[in-house]
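Data block below; observations after.
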There are 2 protein chains.
Amino acid sequence: MSTKDNQTEEKIFEAATTVFVEKGLDGARMQEIADQAGINKALLHYYYRTKERLFNAVFEKLALILFKRFAPVLDANMSLEDKLRFFYREHIDFLKKNRSLPSFILNEINRNPERLKKLISGYEVDKLWRILEEQHKEELQKFNITYRNIPQLMTSIAALSVFPFAARGIFEVIFEKQGISFDDYLEERKKFAPEFVIKAIKGSA
Amino acid sequence: MSTKDNQTEEKIFEAATTVFVEKGLDGARMQEIADQAGINKALLHYYYRTKERLFNAVFEKLALILFKRFAPVLDANMSLEDKLRFFYREHIDFLKKNRSLPSFILNEINRNPERLKKLISGYEVDKLWRILEEQHKEELQKFNITYRNIPQLMTSIAALSVFPFAARGIFEVIFEKQGISFDDYLEERKKFAPEFVIKAIKGSA
DNA sequence: GTCTATAGAAGGATAGAC
DNA sequence: GTCTATCCTTCTATAGAC
C-alpha cells in the first residue's frame, strides 16, 4: 500500500467514526461520511465495499478501546482502594474526551448483541473477575464480598463511571436547569465515585 | 370518536411502541409497524400523518412512564433507608418487565436532547432534589451529604438500577459466558443496590 | 486511486376508490 | 375508516471515464 492509500483510508475511517458515533448505524449516511472526509461517496465503497463493513471496522475498533480501558488498572500493584481511585480518575478522564462513546457502544450492542459475541469470542471475560478475586482475597473476605456477588460489585463500579455518559443527554439538560455544570459534576465524580464504593464495601465488614 | 377508531389507533400505537423501542427511530420501518398492527401502511399516515409524529407520541408516553417511576417513592413516609429498599425493589421490578425501555429512552435523548427539553419544560426538575433535602435533612447532615453533592448521590442511585438495563446487551452476553443468569442477577440486585447505597452513605458519617 | 453519473431498491407519503 | 396503487425522494451501490 502506498502512503496515499493509507491517508485516504484513514481519513475515511476517521470521518466514519465521527458520523457513526453521532448518528448510529441506522442514522448515518454514506454521503455525510464522504463529505466529512472530503472525498467522494464512491471512494467509500472502493475501500470498504459496504456500509456494514465500514461500520464493523469502526465499531470493533472503538469497542476494544473502550473495553480495554477497564483492564490495566486491575493489574497494577496497589491496594483495592487505590485501584478504585486510580480507575475512576483515568476512566472518567478518558470518557470526558469521548463523551458519546458509551452511548454508541451500548446502543449498538443492545440492538445487535451478536457484534459483542463475535468480538469477545477469543477473550476470557472472567479474567477481571479472577484478578479481582485473587489479588484481593483477604480484603474482599474482610468485607464479606463473596465470589457470588462479585458481578454485583463489578457492575456497580462500572455503573458509577459509565452511566453519567450513557445518560448524558438527560443529565446535561437537568443540570443546566439547576445551574450545575456537567463538567464540574464529572470532575467531582472522580473523587466521589471511588469514595462511594470504598465506603459501601467497608460497610460490609 | 367511535369505538372502532380507538381500537385501530391503539393497535397502531402499540405496534409502533414495540417496533420503535426495538429498532429506534432511524431503524424502524413504517411497513413493519403496519404489519405488526395488522393494518395497512396508509392507515398509519391517516392517524398520525408522519413517522416523526407517531414516534413523538410513543416517545413522550414512554419517557413520562419511565421518569414518573422515580418520583412517588420519594413522597412516601419512610426513613431514607427504607425508601431506598422500596425504590430498588419497585424500580427493578418495573424495568424487568420493560427491559429495553432505558436503552431506548437514553439513546433517543442523546441523539436529540430537544425532545427532553420539550418534555420537561413544564416540570420542576429540582423537585426530587428538594424533597430529598427537606424530608431527610437530619439524616443527610448526619452523613455529611451536602446540598452540593446531592447530584452525585442522585445520579449514583439511578445508575445502580438503570445501568444494568442500559448495558443489558453486554451483561447478558458476559454473564452467559460465566454461567450466570441475568434474571438471577437482577433479583439479587434488588437487595444489593440499596444496601450498597446505605453503606456508602453511612460511611460518610 | 479518484471522480461523475446513474442504476436499483427502499422507504415515507399521498391520491383516490370503496 | 380502510384499502390498493403509486409517486417521489433518499440511499446504497456500481459502472465507467480519467
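Residue numbering restarts at 1 for every chain, and letters A, B, ... go by the order of the sequence lines.
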Report task. Consider the side chain of B:K41, meaning its heavy atoms from C-beta on, and name the nucleotide among D:dT4, D:dT14, C:dA13 that approaches it most closely. Result -> C:dA13
Query - Proximal nucleotide (of D:dG1, D:dT4, D:dA13) relative to the B:N40 side chain - result: D:dT4
Query raised in the report: Which distance, rounded to the nearest 0.5 Å, do you find between the CZ of B:F163 and the OG of A:S161?
Result: 7.5 Å
Query raised in the report: Does B:T8 have a side-chain nitrogen or oxygen under 4.0 Å from the phosphate oxygens OP1 or OP2 of D:dT2?
Result: yes
Report task. Determine, for A:D93 against A:K96, whether the closest basic-nitrogen to carboxylate-oxygen distance falls under 4.0 angstrom. Result -> no
Report task. Give a yes/no on whether any side-chain N or O of B:R29 is located under 4.0 angstrom from OP1 or OP2 of C:dA10. Result -> no
Requested in this report: Look at the side chain of A:K51 and decide which nucleotide, out of D:dA13, C:dC3, D:dG1, has an atom nearest to it.
Outcome: D:dA13
Query raised in the report: Do the side-chain N or O atoms of B:R49 get closer than 4.0 angstrom to the phosphate oxygens (OP1, OP2) of C:dG12?
Result: no
Requested in this report: In whole angstrom, give the distance that lies between atom CD of A:Q31 and atom C1' of D:dT9.
Outcome: 14 Å
Requested in this report: Send over the distance from B:D26 CG to C:dA10 C1', rounded to a whole Å.
Outcome: 15 Å
Query raised in the report: In whole Å, what is the span from the NZ atom of B:K23 to the P atom of C:dG12?
Result: 12 Å
Report task. Give a yes or no on this: more than 12 heavy atoms of other residues, nucleotides or ligands lie within 6.0 Å of atom CZ of A:R49. Result -> no
Report task. Using atom CG of A:L25 as one end and atom C1' of D:dC11 as the other, report the distance to the nearest whole Å. Result -> 13 Å
Query raised in the report: Does a nitrogen or oxygen in the side chain of B:H45 sit under 4.0 Å from OP1 or OP2 of C:dA13?
Result: yes
**Report entry** B:R130, CZ atom: more than 12 neighbouring heavy atoms under 6.0 Å
**Finding:** yes
Requested in this report: Would you mind telling me which of C:dT4, D:dC3, C:dT2 lies closest to the side-chain atoms of B:A42?
Outcome: D:dC3
Query raised in the report: Under 4.0 Å: is that the gap between some side-chain N or O of A:Y48 and OP1 or OP2 of D:dA13?
Result: no
Query raised in the report: Is the shortest side-chain N to carboxylate O distance from B:E81 to B:R85 below 4.0 Å?
Result: yes
Query raised in the report: Whole Å only: how far is the CD1 atom of B:I39 from the P atom of D:dT4?
Result: 11 Å
Requested in this report: Look at the side-chain N and O atoms of A:Y46 and state whether any lies under 4.0 Å from the OP1 or OP2 oxygen of D:dA13.
Outcome: no
Requested in this report: Specify the separation, in whole Å, of atom CD of B:E9 and atom P of D:dG1.
Outcome: 9 Å
Query raised in the report: Expressed in angstrom and rounded to an integer, what is the separation of A:L44 atom CG from D:dC11 atom P?
Result: 14 Å
Query raised in the report: Base, sugar-phosphate alone, or nothing: which one does B:A34 contact when heavy atoms must sit under 4.0 Å apart?
Result: nothing
Query raised in the report: Rounded to the Å, how far apart are A:L43 CG and C:dT2 C1'?
Result: 5 Å
